K.L.:
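The structure that follows is given in the form of structure tokens.
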Amino acid sequence: MPAVTHCLSPHAARPQHGCERLVWRAPYRSLVRVRPVAWTCSCRATVYELCLGGGRAFPRRTVRLTGAPRVQETAPMTITEAQAAWTAVPSGHAC
Ligand SMILES: [Zn+2]
């Protein structure tokens, strides 16, 4: 194992003042297979993923502080909406 690991993924920024509010909720178990297509760096306590499945997409947020990770997702959106949210969330423009 190298002593220094280099981060390959972008880092999630802190939510900015006045950020657009998304509705985060517990993951909804659906029959549609969902896979992450983009993600922020896992070296941070909060990791965001863009999940895609069944022609819909949504951002997923995983917060690892102490204990079990807390996973939250927004409601599924169209892929266009989800991509807009995906660029807004890790940059801190939506939270
Ligand atoms: Zn990192």
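If you're wondering where the values come from, they're calculated on a predicted model, not measured in any experiment.
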K.L.:
For Gln83 and Thr80, indicate whether the former's side chain and the latter's backbone hold a donor-acceptor pair under 3.5 Å.
P.N.:
no
K.L.:
Evaluate the side-chain contact (heavy atoms from CB on, under 4.5 Å) criterion for residues Thr62 and Thr46: first the C-alpha distance (whole Å), next the side-chain angles of each, then the deciding distance (0.1 Å), finally the verdict.
P.N.:
CA-CA 6 Å; Thr62 304; Thr46 303; over 6 Å; no
K.L.:
Tell me whether Arg25 at atom CZ has more than 12 heavy atoms from other residues, nucleotides or ligands lying less than 6.0 Å away.
P.N.:
yes
K.L.:
Indicate, with yes or no, if Leu22 and Ile79 share a hydrophobic cluster defined by side-chain heavy-atom contacts under 4.5 Å among Ile, Leu, Val, Met, Phe, Trp and Tyr.
P.N.:
yes
K.L.:
Any donor-acceptor pair under 3.5 Å linking the side chain of Thr40 with the backbone of Tyr48?
P.N.:
yes
K.L.:
Identify the two heavy atoms, one from Ala45 and one from Leu65, that lie closest to each other, and give their separation to 0.1 Å.
P.N.:
CB-CD2, 4.0 Å
K.L.:
If we only count heavy atoms from C-beta on, is the Thr78 to Arg56 side-chain gap below 4.5 Å?
P.N.:
yes
K.L.:
Specify the closest pair of heavy atoms between Cys51 and Val34, including all atoms of both residues, with the distance to one decimal.
P.N.:
CB-CG1, 3.3 Å
K.L.:
Closest approach of Gln16 and Ser91, non-hydrogen atoms and distance?
P.N.:
NE2-O, 3.5 Å
K.L.:
Are any non-hydrogen side-chain atoms of Pro90 and His11 less than 4.5 angstrom apart?
P.N.:
no
K.L.:
Please name the pair of heavy atoms, one in Val32 and one in Gly54, separated by the smallest distance, quoted to 0.1 Å.
P.N.:
CG1-N, 3.3 Å
K.L.:
Within the 4.5 Å heavy-atom criterion, are Val47 and Arg61 side-chain neighbours or not?
P.N.:
no
K.L.:
If every non-hydrogen atom of Pro69 is compared with every non-hydrogen atom of Arg64, which pair is closest and at what distance?
P.N.:
CB-CG, 3.7 Å
K.L.:
Determine yes or no for a side-chain-to-main-chain donor-acceptor pair under 3.5 angstrom, with Arg60 supplying the side chain and Pro27 the backbone.
P.N.:
no
K.L.:
Roughly how far, to the nearest 0.5 Å, is the CZ atom of Arg44 from the OG atom of Ser9?
P.N.:
11.5 Å
K.L.:
Search all heavy atoms of Cys19 against all heavy atoms of Gly92 and return the closest pair with its distance.
P.N.:
CB-O, 3.5 Å
K.L.:
Out of curiosity, Arg35 CZ to Glu49 CD, how far, rounded to the nearest 0.5 Å?
P.N.:
12.5 Å
K.L.:
Cys95 versus Trp24: any side-chain heavy-atom pair under 4.5 Å?
P.N.:
no
K.L.:
Taking it one step at a time, do Cys41 and Cys7 satisfy disulfide (SG to SG under 2.5 Å)?
P.N.:
CA-CA 7 Å; Cys41 189; Cys7 296; 3.6 Å; no
K.L.:
Decide yes or no for Phe58 and Leu52: does some side-chain heavy atom of the first lie under 4.5 Å from some side-chain heavy atom of the second?
P.N.:
no
